[in-house]
Amino acid sequence: MGKPQPQAGKLATAVEGDVLRAAALLPSITRLQALAGDFCGAVTENPSLPEQRQILRRVHSLLNLSVWLDGPDITLKPGSPRVTAAHVNGAVDYCLRAYRPLTLLAPKLAFVDLLLDFFQTALGGDGHAIVAAAGRLRTAADALQAGETPAETGADAAFKAGTMPRYRLSDFRARDWEAAEYVLLPIRGLRSPALAELQQAPSADAPLSASVAALSAEQAAHLATPSILHSSHEDGPKLAALTQSDVLRLKISAPGVRVLPQVFYEPARSPMLELAPALRGDTAAEAQLRVRVVDAATRQPVMGARLVAFTDFAARLGAEGFSDAAGEIQLALAEDQKIEVLVVYGPAGYWGLYRSAMKLEEGARLPLQAVDLGIPDHLQLLYGANSPSAGEGVTVGVIDTGIDASHPHLALAGGAAFVVAESDAGGPGPAAVEGGHGTHVAGILAGRGAAPGGRRGIAPGIKLMSYRVFPNAGGGASNYDIIRAIDRGVADGCDLLNLSFGGEVRDEAVREAIKDAFDKGTLCLAASGNDRRGSVSYPARWPEALAVAAVGRLGSFPAGSSEELDAQAPFSPLDASLFAAGFSNIGNEIDLAGPGVGIVSTVPGGGYGVMSGTSMACPAAAGAAAALLARHPEVLAMPRDSRRAIEMLRLLNTAARSMGFAREYEGLGLLP
C-alpha cells in the first residue's frame with residue numbers, strides 16, 4: 001500500500017486466522033506519536049482557545065490511537081483483501097510526506113482527521129474498507145502535492161474539491177479510542193459534592209511539552225488521561241474530554257455524576273429556501289443571465305439581497321446569487337428561463353419577494369419594498385397599544401446570539417458571554433457572524449422606539465439581560481454554554497428566560513438547567529422550531545419549558561413578499577386572516593402561540609429588519625407574559641422557588657385565549 005491505494009484484485013484474500021500484527025505496526029505507532037508532538041508544539045503558534053482545543057483534541061486522539069495499535073493483533077475479515085502491516089505503514093509514510101510542508105492549521109486538522117479515520121477503519125479489520133480508506137488518503141495527499149502551487153494553495157484547492165472537508169466543532173464524531181466532549185452533571189440538579197471531587201480545569205498558563213515523540217506507549221497512555229476542560233463552579237457542571245473507556249471508568253469511580261453528550265443548538269429563525277446541496281455555492285463563473293434587485297420606490301440598487309430561482313422546485317434545481325453594490329446578480333440560467341418559484345430575501349430594512357410561474361429575462365428588475373415603520377405588522381396589531389412602562393418590575397433574560405446595546409431603541413441592563421470555546425470573551429453584544437438574531441428578539445420584547453422612526457416592543461419597561469451563547473466565529477451553541485447561561489440568568493434574578501433556539505437531539509443537560517430554574521422561580525419560554533410542521537424541537541419539547549408556536553396574519557406583510565410562502569392552512573375558524581405558520585413545528589407539547597411571520601424589529605447597527613420564525617413568536621409570548629406579570633406584584637414578590645414558578649404559570653395559562661386552532665397548533669392560545 002505504498003501509494004496508499006492498493007487494488008483489491010492485486011492483494012491476496014484473507015483467510016481465517018490472518019491478522020495485522022501489532023508488533024509490525026511499530027513504525028506507524030512511532031509516527032503517530034511524532035505527529036502528536038508536532039501538534040502539541042503548534043499550540044504556541046495558534047494562541048486562540050478554539051484553535052488550541054482543536055489541536056489538543058488531536059494530540060489526545062493520536063496518543064490514544066497509538067496505545068490501541070500497540071495492543072492485540074487486529075483480526076482480518078476472511079474473504080476481504082489481505083492487508084498487511086507493511087501496507088499500513090506505507091500508507092502512513094505516503095500521507096506524511098504530503099502533510100509535512102503544510103503551514104496552515106486548518107488543512108493540518110483536516111488531514112489528521114483523514115488519517116484518524118483511516119486507522120479507525122484499519123482497527124475494524126475489513127480489507128475492503130481499509131483499501132477504500134487508503135484511497136481517500138491518497139486522493140487528499142495527491143491534491144496537496146499536485147502541480148507547483150504552494151502548500152497553502154494546494155490545501156485550499158483540496159478543500160474546494162471536497163477531498164478535505166472543513167472541520168467544525170459541532171461535527172466531531174468520536175471514535176472508540178478518541179476523546180469527545182461531554183457535560184458532567186449530578187444525578188439531580190446542577191450542583192453536588194460529587195462534582196467538586198472531580199479534577200478541576202487546567203490552568204491556562206500550564207506549560208506544554210514541545211514534543212512527545214520519544215514517549216513510550218505506557219507514557220502516552222498516562223498523558224492521554226481524561227481532562228476537565230472547563231468548570232462552571234467547583235461543585236457545578238463541567239465540560240470534559242473523555243474516551244468511551246473513560247466514560248465507563250467514571251461510572252464506577254463517580255456514580256453520582258451523569259455523563260451527557262455535548263449537543264449543539266441553532267437559532268429558531270425560519271429557514272430560507274435553498275437549492276439541492278450539490279448546487280449550492282457561487283455560480284457566477286457559469287453565469288449567462290443578469291438581473292438587478294432595486295428599491296421598489298426609488299429604483300436604486302439594493303445590495304446584499306439573496307435570490308434563489310427554482311427551475312424545478314420539487315427537485316430544488318435552479319440557480320442563486322447575491323446582489324452586488326450595483327444590485328446585480330449573475331445567474332447560471334438561460335435567457336427567458338422559465339422559473340417555477342423565485343424568492344428574494346432582502347437585507348436588513350427590506351421585505352422579501354416571491355414570484356411563481358414566470359420567465360426571468362436578461363436585465364430584469366426585481367423590486368423590494370423598504371420597511372415602513374409606520375405600517376403595523378402582526379406584532380403591532382396585537383400589542384402596539386401597550387404602555388411604554390409595560391413589564392416594569394420584571395427581569396427577562398435573552399439567551400441568544402447577543403444584543404446590540406448601542407441600538408438607540410434598546411436599553412440593555414447587563415449580561416455576559418457564555419462561549420467556552422472563546423474563553424467567554426466578547427461580552428453580551430451580537431456575535432460577529434450571524435449575530436443579528438438576538439437583537440431582533442430583544443426588540444420584540446422591549447423595543448423603545450416610536451413611529452415614524454422606530455417600533456415599540458411588547459414590554460418596554462422590563463429589565464433586559466443578554467446572555468450570548470452563540471460563538472463569534474459562527475456555528476451552533478453548545479448545551480454546556482446554555483446551561484451556564486440559564487444558571488447565570490437565575491442568579492441575576494431573571495423572572496423569564498427566552499430561548500429562541502432548538503435542535504432535534506434529546507438533551508437532558510439543558511432540561512436539567514430548565515428544571516433547576518423552575519425550582520428557583522424562573523420560567524423558560526422556548527421556540528417550538530421551524531421544521532415545517534415537524535415535531536416540537538428541544539428544549540421546547542420538555543414539559544418544564546413553555547413551548548411557543550408561530551402564527552401569522554394575512555395583510556400584515558406586503559403582497560408578493562416572501563412571507564406569503566408561510567401563509568398555509570389551517571386558517572382560524574374565528575378569523576379567516578389568521579393562519580398557523582407553515583414553518584412552525586407543532587404537537588401536543590405546544591403551550592402558547594405568538595405572532596412569528598414577517599415581524600419587524602431591531603437589528604444591529606441601529607436599524608430595523610424583518611424576520612420570521614418561532615424565534616420571533618417566543619419573545620412575543622415572553623413579552624406578553626412580562627406585561628401580565630408586572631400587573632401582579634404579589635406573585636413577583638413570592639420567594640424564588642417552584643411555588644412562585646407555578647403561580648406565574650397559572651397566571652399565564654389562565655390569561656391565554658384560543659384563536660380557534662387545534663391544540664397542536666396553538667396550545668392554550670395567545671397571551672393578551
Side-chain angles (χ1 to χ4, degrees), residues 378-379 381-387 389-397 444-446 457-462 490 493-499 514-515 517-528 536 539-551 553 572-575 578 580 584 586-596 614 616-672:
H378 192 188
L379 190 78
L381 291 171
L382 286 170
Y383 303 109
N386 279 15
S387 164
S389 62
E392 205 167 74
V394 178
T395 302
V396 182
I444 293 170
L445 269 166
I458 300 175
I462 65 170
V490 172
C494 289
D495 303 294
L496 304 172
L497 290 172
N498 188 92
L499 315 178
I514 292 172
K515 288 165 64 177
F518 189 92
D519 289 342
K520 294 175 180 175
T522 300
L523 289 181
C524 293
L525 290 87
S528 71
V536 175
R541 197 165 182 172
W542 296 122
E544 296 83 5
L546 283 166
V548 184
V551 295
R553 177 181 288 277
S572 168
L574 305 179
D575 183 344
L578 287 178
S584 182
I586 60 174
N588 290 333
E589 300 88 354
I590 297 297
D591 295 292
L592 299 168
T614 55
M616 288 59 252
C618 188
L628 177 61
L629 290 172
R631 298 195 291 271
H632 292 272
E634 74 283 1
V635 174
L636 293 173
M638 292 178 66
R640 288 185 173 267
D641 55 24
S642 61
R643 288 175 296 178
R644 180 183 196 260
I646 290 170
E647 283 307 309
M648 292 165 65
L649 200 55
R650 192 192 314 277
L651 276 175
L652 304 185
N653 291 347
T654 302
R657 292 291 179 265
S658 172
M659 293 170 282
F661 296 107
R663 172 187 174 186
E664 62 264 29
Y665 293 99
E666 68 168 8
L668 290 168
L670 195 71
L671 290 174

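The shown structure was predicted, so the numbers you read here are calculated from the model rather than taken from an experiment. Throughout, numbering of the chain's residues begins at 1 and tracks the sequence.
- For the pair Phe661 and Ser572, the tightest heavy-atom approach, listed with the atom from each and the gap, is CE2-N, 3.5 Å.
- Looking at Asp641, its side chain does come within 3.5 Å of a backbone N or O of Arg644 through a donor-acceptor pair.
- Not a single salt bridge (Lys or Arg N to Asp or Glu O under 4.0 Å) links Arg631 to another residue, sequence neighbours left out.
- Between the CG atom of Leu628 and the CG atom of Leu671 there is a distance of 7.0 Å, given to the nearest 0.5 Å.
- When side chains are defined from C-beta on, Asp495 does not count as touching Ile462, because their heavy atoms never get closer than 4.5 Å.
- Residues Leu523 and Ala645 share a closest heavy-atom pair of CD2-O, 3.8 Å.
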> So Ile590 and Val536, side-chain contact (heavy atoms from CB on, under 4.5 Å) or not? Walk me through it.
Replying inline: CA-CA 8 Å; Ile590 297 297; Val536 175; 3.8 Å; yes
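- Taking 4.5 Å as the limit, some side-chain heavy atom of Ile458 sits within range of a side-chain heavy atom of Leu379.
- One finds the CH2 atom of Trp542 at 9.0 Å from the NZ atom of Lys515 (value rounded to the nearest 0.5 Å).
- The side-chain hydrogen bond (donor to acceptor under 3.5 Å, both in side chains) search around Arg553 returns Asp575, Ser577, not counting sequence neighbours.
- In terms of modelled atom types and a separation under 3.5 Å, the side chain of Arg643 and the main chain of Met638 share no donor-acceptor contact.
- Here CE of Met648 is found 9.5 Å from CG of Leu546. Values are rounded to the nearest 0.5 Å.
- Here the CG-CZ distance, from Asn588 to Arg541, works out to 10.5 Å after rounding to the nearest 0.5 Å.
- Closest approach of Cys524 to Leu499, counting heavy atoms only: CB-CD1, 4.0 Å.
- For the atom pair Thr654 OG1 and Leu668 CG, the distance stands at 9.0 Å (nearest 0.5 Å).
- Annotation for Ala621 and Leu592: closest pair CB-CD1, 4.5 Å, computed over non-hydrogen atoms.
- Looking only at distances, a side-chain donor or acceptor of Thr522 sits under 3.5 Å from a matching main-chain atom of Cys494.
- The side-chain heavy atoms of Val490 and Arg640, taken from C-beta on, include no pair separated by under 4.5 Å.
- Considering all non-hydrogen atoms of both residues, Pro619 and Leu445 come closest at O-CD2, 3.5 Å.
- Summarising the geometry, atom CG belonging to Leu525 is positioned 8.5 Å from atom CG belonging to Asp591; distances are rounded to the nearest 0.5 Å.
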>> Could you go through Glu666 and Ile586, starting from their C-alpha distance and side-chain angles, then the distance that decides it, and tell me whether this counts as side-chain contact (heavy atoms from CB on, under 4.5 Å)?
In response: CA-CA 8 Å; Glu666 68 168 8; Ile586 60 174; over 6 Å; no
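- Across all their heavy atoms, Ala549 and Ser528 have their closest contact at CA-OG, 3.6 Å.
- Between Arg650 and Glu647 there is a salt bridge, with a side-chain nitrogen of the basic residue lying less than 4.0 Å from a carboxylate oxygen of the acidic one.
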